[in-house]
Amino acid sequence: MSVKTDTYTDARYLDRVQGLLTQTLARLSSGSRINNPSDDPQAVGLAAKISAQNKRIQAATTNVQNATSYIQSADGMLNSMGEMVTRMSELSVLAKDVMKNGGDIALYQTEFTKIQDQLRVTIGGTTAEIGGTTSITSPMGTFNGIVVFGPNAAGTPVSTGEDPQNVITIPGTNLRTGGMLSLIQQDSAGNYTLSVTDATATDTINTSISQLADTRSTLGAVERRFELAGASLTKRGENMTKSLSDINDVDVAEESTRLSKFQALSEASTAMLAQANKSPEAVLRLLQQI
């Protein structure tokens with residue numbers, strides 16, 4: 001009875017060691033500490049919550065990156081328009097030179113009008129907003145289908161975190177008003193209401209330059225906020241990823257030590273079980289000799 005009991009005990013112990021050995025091999029081969037929920041039920045639940053939170057942080061990071069791209073695109077176009085308006089200012093002064101003849105003035109007006117054309121197709125607008133005979137509903141000043149320089153009093157809110165209050169609003173950049181409107185506005189016949197020789201041209205253009213500069217300054221301040229929000233989200237994402245790694249990833253050094261231990265125990269258990277199985281055979285032979 002004692003020999004049989006010892007055999008069963010050795011078999012159960014060997015089976016347990018083999019199970020631990022299999023678990024260790026699975027962890028090393030997969031690189032994951034948790035291959036089944038039963039490996040660590042509490043860690044499985046915690047990992048799921050952290051993973052969901054990390055996904056939300058990644059989504060907010062994408063929002064911030066897209067918003068930053070939007071502002072940078074708008075600023076690039078504003079900078080280009082600023083250069084064009086500055087050239088218009090220069091032309092308006094040159095047109096006042098009494099030493100210039102009619103042909104020179106006509107050339108200045110031609111260039112002046114070409115710049116107005118470019119500004120008009122960039123800003124866009126309906127005939128009710130910018131005059132003329134044709135509305136420009138698909139202006140060049142767009143970002144991913146969003147019209148950049150049209151009316152948008154409420155601005156564009158961008159989610160920058162998990163909390164609904166984590167929102168940064170990009171202010172509207174409506175250039176269909178003020179000095180810029182004076183530059184691109186046309187009458188009902190499609191003629192620009194401002195010419196290079198107008199007495200008020202220089203002052204109107206200077207007002208437009210100030211409008212563009214103020215708009216760029218405002219967008220620059222908002223972009224700085226997005227940079228700070230993006231840096232914070234990136235750091236939080238890194239911390240979340242590290243937490244997930246601590247929960248899920250296997251400690252190779254520790255598991256390798258376990259593997260060596262369980263392999264040694266498995267070999268020893270197998271040997272002991274084999275020895276235990278031989279003992280009844282020896283007793284049986286001894287009885288047959290009596």
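Predicted model only: the values in this text are computed from it and were never measured.
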When rounded to the nearest 0.5 angstrom, what is the spacing between [atom1] in [X] and [atom2] in [Y]?
X      : Y      : atom1 : atom2 : result
Thr86  : Leu91  : OG1   : CG    : 11.0 Å
Thr193 : Ile184 : OG1   : CD1   : 9.5 Å
Thr61  : Leu233 : OG1   : CG    : 4.0 Å
Thr177 : Gln185 : OG1   : CD    : 11.0 Å
Tyr108 : Lys96  : OH    : NZ    : 12.5 Å
Leu78  : Thr218 : CG    : OG1   : 10.0 Å

Would you say the side chain of [Y] lies within less than 4.5 Å of the side chain of [X], judging by non-hydrogen atoms?
X      : Y      : result
Gln53  : Arg56  : yes
Asn206 : Ser89  : yes
Phe226 : Val158 : yes
Ile105 : Gln109 : no
Phe112 : Ile205 : yes

Item to check | Under the side chain to side chain contact (heavy atoms under 4.5 Å, CB included) test, residues paired with Glu83 that sit two or more places apart | outcome: Asn79
For [X] and [Y], indicate whether the former's side chain and the latter's backbone hold a donor-acceptor pair under 3.5 Å.
X      : Y      : result
Asn166 : Asp163 : yes
Gln116 : Leu194 : yes
Ser232 : Leu228 : no
Ser80  : Gly76  : yes
Gln186 : Ile130 : no
Glu129 : Thr126 : yes
Thr127 : Ser135 : no
Ser217 : Ala213 : no
Thr173 : Val148 : yes
Gln211 : Gly179 : yes

If every non-hydrogen atom of [X] is compared with every non-hydrogen atom of [Y], which pair is closest and at what distance?
X      : Y      : result
Ala60  : Gly161 : CB-N, 3.7 Å
Thr169 : Ala154 : CG2-O, 3.6 Å
Arg225 : Val167 : NH2-O, 4.3 Å
Arg120 : Thr134 : NH2-O, 4.0 Å
Ala201 : Ser195 : CB-O, 3.7 Å
Thr133 : Gly190 : CG2-N, 4.0 Å

Next on the checklist: With a 4.0 Å cut-off on N to O distance, would you call Glu111 and Lys114 a salt bridge?
Outcome noted: no
Next on the checklist: Against Phe149, only a single residue in Arg176, Met81, Met140 fulfils side chain to side chain contact (heavy atoms under 4.5 Å, CB included); can you say which?
Outcome noted: Met81
Checklist entry - Which one of Val196, Ile209, Leu119 satisfies the side chain to side chain contact (heavy atoms under 4.5 Å, CB included) criterion with Met88? => result Leu119
Checklist entry - Under 3.5 Å, is there a donor-acceptor pair linking the side chains of Ser69 and Gln65? => result no
Checklist entry - Does atom CG of Asn101 have more than 12 heavy-atom neighbours, drawn from other residues, nucleotides or ligands, at distances under 6.0 Å? => result yes
Checklist entry - Counting only heavy atoms not in Lys100, do more than 12 sit closer than 6.0 Å to its NZ atom? => result yes
Next on the checklist: Assigning hydrophobic clusters by single linkage (Ile, Leu, Val, Met, Phe, Trp, Tyr; side-chain heavy-atom cutoff under 4.5 Å), is Leu107 placed with Met84?
Outcome noted: no
Checklist entry - Would a hydrophobic clustering, with Ile, Leu, Val, Met, Phe, Trp and Tyr connected at side-chain separations under 4.5 Å, put Leu175 with Ile146? => result yes
Checklist entry - side-chain contact (heavy atoms from CB on, under 4.5 Å) between Val147 and Thr137: does it pass, once the steps are laid out? => result CA-CA 9 Å; Val147 176; Thr137 56; over 6 Å; no
Item to check | side chain to side chain donor-acceptor pair (under 3.5 Å), paired with Tyr192, selected from Asp198, Asp187, Asp117 | outcome: Asp117
Checklist entry - How far apart are the C-alpha atoms of Glu238 and Thr234, what are their side-chain angles, what is the distance that settles it, and do they pass the side-chain contact (heavy atoms from CB on, under 4.5 Å) test? => result CA-CA 6 Å; Glu238 291 174 353; Thr234 298; 3.8 Å; yes
Checklist entry - Could you go step by step and tell me if Met180 and Leu183 meet the side-chain contact (heavy atoms from CB on, under 4.5 Å) rule? => result CA-CA 5 Å; Met180 290 303 295; Leu183 297 187; 4.1 Å; yes
